[in-house]
2 protein chains.
Amino acid sequence: MTATRMTRQRREILDALDTRDFRSAQSWHEHLRSEGSTVGLATVYRALTALADAGEVDSVVSESGETLYRRCEAGEEHHHHLRCRVCGRAVEIDVPSFESYAAAIATEHGYAEISHTIELTGVCPACAARDRG
Amino acid sequence: MTATRMTRQRREILDALDTRDFRSAQSWHEHLRSEGSTVGLATVYRALTALADAGEVDSVVSESGETLYRRCEAGEEHHHHLRCRVCGRAVEIDVPSFESYAAAIATEHGYAEISHTIELTGVCPACAARDRG
DNA sequence: AGCGTGACTGATAATCATTGTCAATAAGGA
DNA sequence: TCCTTATTGACAATGATTATCAGTCACGCT
């Protein structure tokens with residue numbers, strides 16, 4: 001009968017996540033601190049992994065092995081991103097017919113419990129301009 | 001004028017890599033040791049990252065953030081995998097028309113220097129059978 | 001074949017992200 | 001308000017990867 005409690009920290013984290021950028025747990029933590037919050041790093045990690053498990057945030061593993069988080073659109077079941085390698089800004093993209101394609105390939109090879117990852121990364125217009133600046 | 005030198009260690013690593021499985025650097029190191037090699041862990045890491053940079057091995061980042069390596073087919077430019085989450089066994093798959101699709105999406109959003117990742121993971125027939133056994 | 005130089009190696013320390021620990025705190029139902 | 005216990009936060013611990021650095025050896029040159 002133990003529900004999850006809505007604490008000040010969780011509220012803060014949920015609020016902070018209300019953006020369009022992918023950031024690491026550490027980065028979200030810094031961000032929260034800079035806004036005056038006093039949340040601990042471990043708490044941020046715990047909250048983010050819990051939210052990711054619950055499907056409330058998207059998480060991707062970057063090329064360097066860090067896990068990046070971002071709040072995702074409510075109700076969306078499964079989707080993919082075009083993410084900026086520099087600032088983390090991401091847009092959701094549509095990959096038509098990939099689900100069925102993946103399922104077909106999987107059965108063809110006898111693999112079960114299939115899941116897939118599609119990530120496009122690049123440099124967004126703003127960061128490209130900053131580079132040249 | 002400093003070319004890369006072909007040392008005993010590198011030969012051993014190249015030889016060991018001649019399989020179809022994705023394994024972490026640590027796992028390859030263990031494997032080499034169990035075969036009687038005396039290579040150091042750091043050397044395995046260095047060789048694998050160098051080979052990955054040179055495009056001679058495939059590398060993917062697993063869900064847990066580990067980097068996994070596997071020798072890739074000579075001459076293949078870019079490809080994707082259906083990989084077993086349990087044993088690492090992988091088959092190369094073909095994702096028709098994805099390259100051009102990725103490029104289109106990228107320009108549509110103004111992103112530059114696009115790269116993409118597509119990974120299918122599942123449980124291979126052998127591991128599924130072992131689970132049930 | 002013998003030399004010399006600098007790339008390579010391996011043991012180990014250092015780093016970085018993430019998770020575990022545990023006493024103190026505070027949600028939220030009674 | 002009171003009690004139970006989920007949650008927190010400071011810090012230690014872990015696990016993967018990278019940096020250090022003195023010793024080694026590949027290999028072009030003579």
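In this text, all values refer to a predicted model and were calculated from it rather than measured experimentally.
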For the rings on His116(B) and His80(A), is their centre-to-centre separation under 6.0 Å?
no
Donor-acceptor pair, Thr7(B) side chain versus Arg10(B) backbone, under 3.5 Å?
yes
Side-chain N or O of Gln26(B) less than 4.0 angstrom from OP1 or OP2 on dG15(D)?
no
Reckon Thr7(A) has a side-chain N or O less than 4.0 Å from the OP1 or OP2 of dA27(C)?
no
So, OP1 or OP2 of dT18(D): does either fall under 4.0 Å of a side-chain N or O from Tyr45(B)?
no
Is it the case that the ring center of Tyr45(A) lies less than 6.0 angstrom away from the ring center of His29(A)?
no
Find the distance Leu48(B):CG to dC8(C):C1' and express it as a whole number of Å.
15 Å
Nearest-Å distance for atom pair CG/P, residues Leu41(B) and dA13(C)
14 Å
Is the phosphate of dT7(D), meaning OP1 or OP2, less than 4.0 Å from a side-chain N or O of Arg10(A)?
yes
With a cut-off of less than 4.0 Å, is there a side-chain N or O of Thr67(B) near OP1 or OP2 of dT17(D)?
yes
Base, sugar-phosphate, or nothing for Ser24(B), non-hydrogen atoms under 4.0 angstrom?
nothing
How many Å lie between CD1 on Ile13(B) and C1' on dG10(C), as a whole number?
12 Å
In whole angstrom, give the distance that lies between atom NE2 of His29(A) and atom C1' of dT8(D).
12 Å
Glu66(B) CD to dG15(D) C1', in whole Å, measures 9 Å
Nearest whole angstrom, please: distance from the P of dT8(D) to the CZ of Arg46(A).
7 Å
Would you say CZ of Arg23(A) has more than 12 non-hydrogen atoms from neighbouring residues, nucleotides or ligands within 6.0 angstrom?
yes
Under 4.0 Å between a side-chain N or O of Gln9(A) and OP1 or OP2 of dG9(D)?
yes
Describe the nucleic acid contact of Arg33(A) in one word from base, sugar-phosphate, nothing, applying a heavy-atom distance below 4.0 Å.
sugar-phosphate
Output the rounded distance in Å from CZ (Arg5(A)) to C1' (dC3(D)).
11 Å
Between the side chains of Glu92(A) and Arg70(A), is the shortest nitrogen-to-carboxylate-oxygen separation below 4.0 Å, so that they form an ion pair?
yes
Can you check the Leu68(B) CG to dG15(D) P distance for me, whole Å?
17 Å
5'-most by nearest nucleotide on DNA chain D - Thr43(A) or Ala42(B)
Thr43(A)
